[in-house]
Colleague: 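Below you will find the structure I want to go over with you.
Residue numbers count from 1 along this sequence. None of these values were measured; they are calculated from a predicted model.
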Amino acid sequence: EEQVVESGGGLVQPGGSLRLSCVASGFTFGTYHIFWTRQAPGQDFEWVSTISEDGIYKRYADSLRGRFTASRDNALNTAYLQMDSLEPEDTAVYYCVASRILRLDTPPRTDPDNYWGQGTQVTVSS
């Protein structure tokens, strides 16, 4: 079956860094674009980043102000999100999504052709 499994979340202090990982299985990872999106308590999904299937095309939400970096290693079926200079406002559940459609917003969760991870909690607090 098609799966993406996330790891790397946790509790960090403001100004700290964290790297999230997303390991895919059950489908051809190198033919899917990877998205990161997040959801704060009581809020809608907020698009974080897009990285194309070959890793060449990368885009980020303007509000991140250059603090986040997406990457991928197709040989390892793994995508990453490096988060630096974390702020309390970054606190959310972070999701990894695989999709064949390139876009600059959160892929629809109702589309069966999009594969979502289980989410990992990131809490930024002192």
Side-chain angles (χ1 to χ4, degrees):
E1 62 183 53
E2 301 90 354
Q3 291 186 69
V4 292
V5 180
E6 300 160 334
S7 62
L11 174 64
V12 297
Q13 294 185 339
S17 297
L18 207 60
R19 189 178 78 159
L20 307 183
S21 297
C22 175
V23 180
S25 61
F27 63 98
T28 305
F29 182 72
T31 67
Y32 280 74
H33 313 298
I34 297 297
F35 306 79
W36 290 94
T37 190
R38 66 188 186 184
Q39 186 177 43
Q43 304 297 311
D44 200 1
F45 292 101
E46 179 185 21
W47 173 71
V48 171
S49 67
T50 294
I51 182 168
S52 62
E53 56 189 1
D54 53 14
I56 295 175
Y57 180 89
K58 292 182 283 188
R59 294 292 185 273
Y60 307 92
D62 290 340
S63 61
L64 298 179
R65 301 172 63 182
R67 298 181 294 113
F68 289 12
T69 304
S71 62
R72 65 190 296 164
D73 187 338
N74 288 350
L76 299 178
N77 290 340
T78 303
Y80 307 93
L81 183 68
Q82 177 69 40
M83 304 184 294
D84 299 318
S85 301
L86 286 165
E87 305 167 353
E89 293 74 20
D90 296 317
T91 295
V93 178
Y94 284 71
Y95 296 89
C96 173
V97 188
S99 176
R100 298 289 295 272
I101 301 175
L102 190 66
R103 60 197 300 151
L104 301 181
D105 59 0
T106 303
R109 194 154 191 170
T110 56
D111 190 338
D113 293 327
N114 300 335
Y115 308 133
W116 286 67
Q118 79 285 357
T120 184
Q121 176 71 50
V122 172
T123 302
V124 185
S125 176
S126 59

Colleague: Tell me whether R103 contacts the main-chain N or O of T50 through its side chain, where contact means a donor paired with an acceptor under 3.5 Å.
Modeller: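 No: the side chain of R103 does not pair with the backbone of T50.
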Colleague: Strictly distance-based, threshold 3.5 Å: is any side-chain N or O of R72 a donor or acceptor partner for the main-chain N or O of G55?
Modeller: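 Looks like no, no N/O pair under 3.5 Å.
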Colleague: Find the distance between OH (Y80) and CD1 (I51) and round it off to the nearest 0.5 Å.
Modeller: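 Taking OH in Y80 and CD1 in I51, the distance rounds to 11.0 Å.
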Colleague: Check whether any side-chain N or O of T78 sits under 3.5 Å from a backbone N or O of V23 as a donor-acceptor pair, and report yes or no.
Modeller: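 Absent.
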Colleague: Checking W116 against T37 for the side-chain contact (heavy atoms from CB on, under 4.5 Å) test, could you report, in this order, the C-alpha distance in whole Å, the side-chain angles of both residues, the deciding distance, and whether it holds?
Modeller: CA-CA 10 Å; W116 286 67; T37 190; 3.8 Å; yes
Colleague: Which is it for L20 and M83 under the side-chain contact (heavy atoms from CB on, under 4.5 Å) test, yes or no, and what are the steps along the way?
Modeller: CA-CA 8 Å; L20 307 183; M83 304 184 294; 3.8 Å; yes
Colleague: Which heavy atom of P107 sits nearest a heavy atom of N114, and at what distance?
Modeller: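 Smallest heavy-atom distance, with atoms named: CB-ND2, 3.6 Å.
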Colleague: Any chance you could measure L104, atom CG, to W47, atom CH2, to the nearest 0.5 Å?
Modeller: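 Output value for this atom pair is 4.5 Å.
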Colleague: Between F68 and L86, does a side-chain contact (heavy atoms from CB on, under 4.5 Å) hold up when you go through it step by step?
Modeller: CA-CA 9 Å; F68 289 12; L86 286 165; 4.0 Å; yes
Colleague: With respect to E53, which candidate in T28, T31, I34 satisfies the side-chain contact (heavy atoms from CB on, under 4.5 Å) definition?
Modeller: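 It is T31, the one option of T28, T31, I34 that forms the side-chain contact (heavy atoms from CB on, under 4.5 Å) with E53.
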Colleague: So, do K58 and S49 sit near enough that their side-chain heavy atoms are less than 4.5 Å apart?
Modeller: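 Not in contact.
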Colleague: So if I apply the side-chain contact (heavy atoms from CB on, under 4.5 Å) rule between V4 and each of F27, F29, Y95, which one comes out positive?
Modeller: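 Result for side-chain contact (heavy atoms from CB on, under 4.5 Å) with V4: F27.
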Colleague: Looking at side-chain heavy atoms only, is the closest gap between Y57 and H33 below 4.5 Å?
Modeller: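 Contact flag for Y57/H33 side chains = no.
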Colleague: State the CD-CD distance between Q39 and Q121, to the nearest 0.5 angstrom.
Modeller: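 The CD atom of Q39 sits 10.5 Å away from the CD atom of Q121.
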Colleague: Which pairs with one or both residues in residues 24-42 pass salt bridge (charged side-chain N to carboxylate O under 4.0 Å, His left out), sequence neighbours excluded?
Modeller: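 Listed by first then second residue: R38-E46, R38-D90.
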Colleague: Is any side-chain heavy atom of S125 less than 4.5 Å from a side-chain heavy atom of L11?
Modeller: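 Side chain of S125 against side chain of L11, heavy atoms only: contact under 4.5 Å found.
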